[in-house]
Amino acid sequence: MASKKIDLPPGVLQPREAVLRMTPYSPPTAGRAGQLRLDFNENTVGASPKVIAYLREHLSEDALAIYPEYGAAKKELAAFFGVDADDFVLTNGTDEAIQVLLNTYVDDGDEVVVLKPSYAMYRFYAELAGAVIREIPYRAEKLAFPLDELLGAIGAATRAILIANPNNPTGTGTSRAGIERILDAASGAAVLIDEAYFEFCGVTALPLLNDYPNLFVSRTFSKVYGMASMRLGCLFSQSGNVDFLHKAQSPYSVNTVATMAARAAIQDSAYIEKYVTEVLAARELLYVGLEKLGIKYYESKANFVLFEAGDRAIVIRDGLRRRGVLVRDRSYEIPGCVRVTVGTREQIRRFLAELEQIW
Ligand SMILES: Cc1ncc(COP(=O)(O)O)c(C=O)c1O
């Protein structure tokens, strides 16, 4: 398709039309060190100390000099996730999983279905691929998963459906039965179930892998594992699909240090369980604290909660930032809403105390 010429500054080369049309995405990642990071749904206390110890022990000049070899890490991760090593690709975060999936299945002008609001990178990569994007809104009432509306939107033209379960930023999700209904209705489309927050809710589509050739499941080491800087995820599907995902992926997009860290991380499941228990307790504390302040919130199945600040959403975000507490404004997609990541109970007590001061 020929690109439509538009006026660009002198010396700037004309990009693809899909790139011209894209909305820039630049998350506010600067200056976060040392602040109370309740803005990106990360692990707020960091990776397991055993990961750091493992890296100290195993990182060598040779390990850095050699191009990555994935065999050993894939074997251990396969055992951990209860799948075969042929049933997944390692990816540079979930973000690359989304990109590889779209590169494998979606052509210019194809239809991709996403929910709204949801994780921004679905739209980002779908736009980049030149797809026609169809958005299904979360229900106004409790921001519930719009299962019937989504089922009604699936048609012969649907090439891919991208779903976060539970969803960011709503915190709501659907059941395994709901996912099966989507998979049944969309047999001709690649259906991604992004389980970035699986550990906080326990619902997974992974056991459905053998039954559905149209199912793709992603997991990440960025959230509960506290390894966002490593950029590591896994994209699961049936092995016949995985062969094609490999074909569409650059051969070394995941680095050796990330695979080392993951091998150590999955050996310390006690650390993950303890953190999840702490977050779930802190989430209850947060609900109680918000109720005391008379603030409306949406119940969440993940490690973050949306609350309503009305027309003061940005004022509240900025006021908290001045007090060293980072949260995310979401009012541009859900009027009046601010999203706070749930960390430890101690961190949530501090958040509530600061919020009370400026409320
Ligand atoms: C639903 C969802 N998927 C994926 C990610 C990011 O994952 P990764 O760091 O693995 O690219 C996020 C991060 O906010 C998310 O909310």
Side-chain angles (χ1 to χ4, degrees), residues 25-29 32 37-44 46-47 77 81 88-103 113-126 128 135 138 143 145 160-174 179 191-201 203-206 216-236 249 253-255 257-259 261-262 265-266 272 279 298 300-306 326-330 333-334 337-343:
Y25 178 65
S26 43
T29 44
R32 301 175 63 234
R37 300 178 277 103
L38 305 182
D39 51 349
F40 273 79
N41 307 337
E42 299 155 335
N43 184 316
T44 59
L77 286 165
F81 288 112
F88 68 104
V89 288
L90 296 175
T91 60
N92 194 283
T94 307
D95 293 352
E96 198 206 9
I98 301 162
Q99 185 178 31
V100 167
L101 181 123
L102 293 174
N103 282 348
V113 176
V114 298
L115 283 79
K116 191 181 172 173
S118 192
Y119 182 45
M121 299 313 279
Y122 303 149
R123 220 195 137 86
F124 177 95
Y125 284 118
L128 192 55
E135 291 181 319
Y138 272 77
L143 298 174
F145 188 87
I161 306 175
L162 309 175
I163 298 169
N165 195 41
N167 183 45
N168 173 18
T170 60
T172 48
T174 188
I179 293 167
V191 179
L192 175 69
I193 306 297
D194 172 352
E195 299 185 350
Y197 304 100
F198 155 74
E199 292 81 1
F200 300 103
C201 85
V203 174
T204 177
L206 264 188
F216 297 78
V217 176
S218 61
R219 293 280 184 87
T220 182
F221 284 86
S222 295
K223 301 299 176 185
V224 74
Y225 284 93
M227 289 165 37
S229 71
M230 289 281 167
R231 313 304 303 127
L232 183 67
C234 297
L235 178 59
F236 301 88
Q249 185 185 29
S253 57
V254 169
N255 71 76
V257 185
T259 62
I266 57 175
I272 299 303
V279 166
Y298 293 89
S300 167
K301 293 188 160 70
N303 65 333
F304 51 84
V305 172
L306 271 184
L326 306 179
V327 296
R328 278 299 274 285
D329 165 51
R330 291 276 141 189
E333 51 188 5
I334 311 171
C337 278
V338 174
R339 189 191 69 200
V340 56
T341 299
V342 184

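Atoms within each ligand, like the ligands themselves, are counted from 1 in listed order.
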I need the atoms of ligand 1 closer than 4.0 Å to a non-hydrogen atom of [X], numbered in the order shown.
X	answer
Ala196	2 (C), 3 (N), 4 (C)
Gly93	10 (O), 11 (O)
Asp95	11 (O)
Ala164	1 (C)

Considering heavy atoms of the protein only, find what lies nearest to [atom] and give residue, atom and distance to 0.1 Å.
atom	answer
atom 7 (O) of ligand 1	Thr94 OG1, 3.3 Å
atom 9 (O) of ligand 1	Ser222 OG, 2.6 Å
atom 14 (O) of ligand 1	Lys223 NZ, 2.9 Å

Query raised in the report: Among Phe221, Phe40, Tyr119, which residue places a heavy atom closest to atom 6 (C) of ligand 1?
Result: Tyr119
Query raised in the report: For atom 4 (C) of ligand 1, which candidate among Thr220, Asn165, Asp194 provides the closest heavy atom?
Result: Asp194
Mind listing the side-chain donor-acceptor pairs of residues 224-236 below 3.5 Å, one per line with the distance, residues two or more places apart or on another chain?
| from | atom 1 | to | atom 2 | distance (Å) |
| --- | --- | --- | --- | --- |
| Arg231 | NH1 | Ser222 | OG | 3.3 |
| Arg231 | NH1 | Ala228 | O | 3.3 |
| Arg231 | NH2 | Asp95 | OD2 | 3.4 |

Using a heavy-atom cut-off of under 4.0 Å, does the side chain or the backbone of [X] touch ligand 1, or both, or neither?
X	answer
Met121	neither
Asn168	side chain
Arg231	side chain

Query raised in the report: Do Asn168 and Arg339 touch side chain to side chain, with heavy atoms closer than 4.5 Å?
Result: yes
Query raised in the report: Taking C-beta and beyond as the side chain, do Thr341 and Arg37 meet within less than 4.5 Å on heavy atoms?
Result: no
Query raised in the report: How long is the gap from CG on Asn303 to CZ on Phe200, to the nearest 0.5 Å?
Result: 4.0 Å
Requested in this report: Rounded to the nearest 0.5 Å, what's the gap from CD1 on Ile266 to CG on Leu77? Could you check?
Outcome: 4.5 Å
Query raised in the report: Side-chain donor-acceptor pair under 3.5 Å between Tyr197 and Asn41, yes or no?
Result: yes
Query raised in the report: Going by distance alone, is a donor N or O of one side chain under 3.5 Å from an acceptor N or O of the other, for Asn167 and Ser118?
Result: yes
Query raised in the report: side chain to side chain donor-acceptor pair (under 3.5 Å) with Ser300: which residues, sequence neighbours excluded?
Result: none
Query raised in the report: Between Lys223 and Glu199, is there a salt bridge with N-O shorter than 4.0 Å?
Result: no
Query raised in the report: For Tyr197, is at least one N or O under 3.5 Å away from an N or O on ligand 1?
Result: yes
